[in-house]
Amino acid sequence: MAATTVGDIMARDLLTLDQAATLKDAHDLMRGKSIRHIPVVDKLTGKLLGVLTQKRMIATVMSLLSDYGVSALERRERQCRVVEIIDPDVESVDVKAPLTEVVSFFLKNKHGCLTVVDSEQRLTGIVTSSDFVRLCAELLKERNA
């Protein structure tokens, strides 16, 4: 059956951080798991607080390097909370959103990810541009079979 909704292609097994996490935690997670987007959720409610992108993390690390130098970087990363640098105004969709709507979002906004939340703003999944590339590969394989 062909994918038609966000729920058909979204990642459900998510790597997240909570509001107590530091930039060091995020840096280690991104590097260790080779990911570019980390949703940050409220530890108690599971509600989405925002997303830390690799681009924002790198900009913050570069700023810390410039201001404090290499010798102080790890200490400064441990002092910086992710909630201070996340983008809290992220776009989210429902799990039943049609893929045609999501494609338009990616093309129009040039974002690398879109969060999926329930009616209470709790994070349920994430869709990335890589998910669409995977879907495209599957469709091309089916077409050429």
Side-chain angles (χ1 to χ4, degrees), residues 1-67 73-145:
M1 185 174 129
T4 59
T5 68
V6 167
D8 294 330
I9 69 166
M10 74 179 193
R12 296 172 191 270
D13 186 23
L14 304 175
L15 298 171
T16 64
L17 292 173
D18 65 44
Q19 64 269 40
T22 66
L23 179 59
K24 176 77 171 120
D25 298 327
H27 198 163
D28 291 346
L29 183 59
M30 281 188 183
R31 187 178 10 202
K33 298 295 184 176
S34 298
I35 57 175
R36 296 179 297 143
H37 311 93
I38 303 175
V40 178
V41 297
D42 184 286
K43 188 177 192 172
L44 298 176
T45 65
K47 289 184 179 182
L48 179 66
L49 300 174
V51 173
L52 178 62
T53 64
Q54 183 180 44
K55 183 178 179 179
R56 173 101 29 125
M57 187 201 64
I58 289 171
T60 304
V61 168
M62 295 305 289
S63 178
L64 291 173
L65 276 171
S66 175
D67 291 347
L73 179 61
E74 187 170 328
R75 181 171 46 86
R76 292 294 178 167
E77 280 187 323
R78 290 185 192 284
Q79 294 172 342
C80 180
R81 300 276 177 231
V82 292
V83 292
E84 298 169 11
I85 59 172
I86 60 172
D87 182 358
D89 297 321
V90 296
E91 299 251 358
S92 297
V93 294
D94 179 84
V95 70
K96 295 177 184 173
L99 287 177
T100 52
E101 179 182 308
V102 176
V103 167
S104 297
F105 167 84
F106 277 106
L107 292 173
K108 181 179 175 187
N109 298 297
K110 303 209 186 323
H111 290 303
C113 78
L114 182 62
T115 53
V116 183
V117 296
D118 65 15
S119 62
E120 296 180 19
Q121 297 304 301
R122 288 184 305 244
L123 183 69
T124 60
I126 191 169
V127 178
T128 67
S129 53
S130 295
D131 294 321
F132 276 97
V133 171
R134 246 185 312 285
L135 176 61
C136 183
E138 289 173 19
L139 294 173
L140 288 171
K141 187 186 289 186
E142 287 176 17
R143 182 177 175 207
N144 294 329

Atom of [X], atom of [Y] and distance for their closest heavy-atom approach:
| X | Y | answer |
| --- | --- | --- |
| Ala26 | Ile38 | O-CD1, 3.7 Å |
| Ala11 | Asp131 | N-OD2, 4.4 Å |
| Met30 | His37 | CE-N, 4.4 Å |
| Leu44 | Asp42 | N-OD1, 2.8 Å |
| Gly7 | Arg12 | O-NH2, 2.9 Å |
| Thr4 | Asp8 | N-OD2, 2.7 Å |

[Y] side chain reached by [X] side chain, heavy atoms, under 4.5 Å:
| X | Y | answer |
| --- | --- | --- |
| Val6 | Asp94 | no |
| Leu48 | Arg122 | no |
| Arg36 | Cys113 | no |
| Val116 | Leu123 | no |
| Asp87 | Val90 | yes |
| Val117 | Thr124 | no |

I'd like to know if Glu138 and Arg134 make a salt bridge, using a cut-off of under 4.0 Å between side-chain N and carboxylate O. no
Glu77-His27 side chain donor-acceptor pair, cut-off 3.5 Å: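 Per modelled atom types, Glu77 and His27 side chains form a pair under 3.5 Å.
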Output the distance between atom [atom1] ([X]) and atom [atom2] ([Y]), rounded to the nearest 0.5 Å.
| X | Y | atom1 | atom2 | value |
| --- | --- | --- | --- | --- |
| Ile86 | Gln19 | CD1 | CD | 9.5 Å |
| Leu23 | Met57 | CG | CE | 7.0 Å |
| Arg81 | Asp18 | CZ | CG | 9.5 Å |
| Glu74 | Leu64 | CD | CG | 12.5 Å |

Run the side-chain hydrogen bond (donor to acceptor under 3.5 Å, both in side chains) test against Arg75 and tell me which residues pass, sequence neighbours left out. none
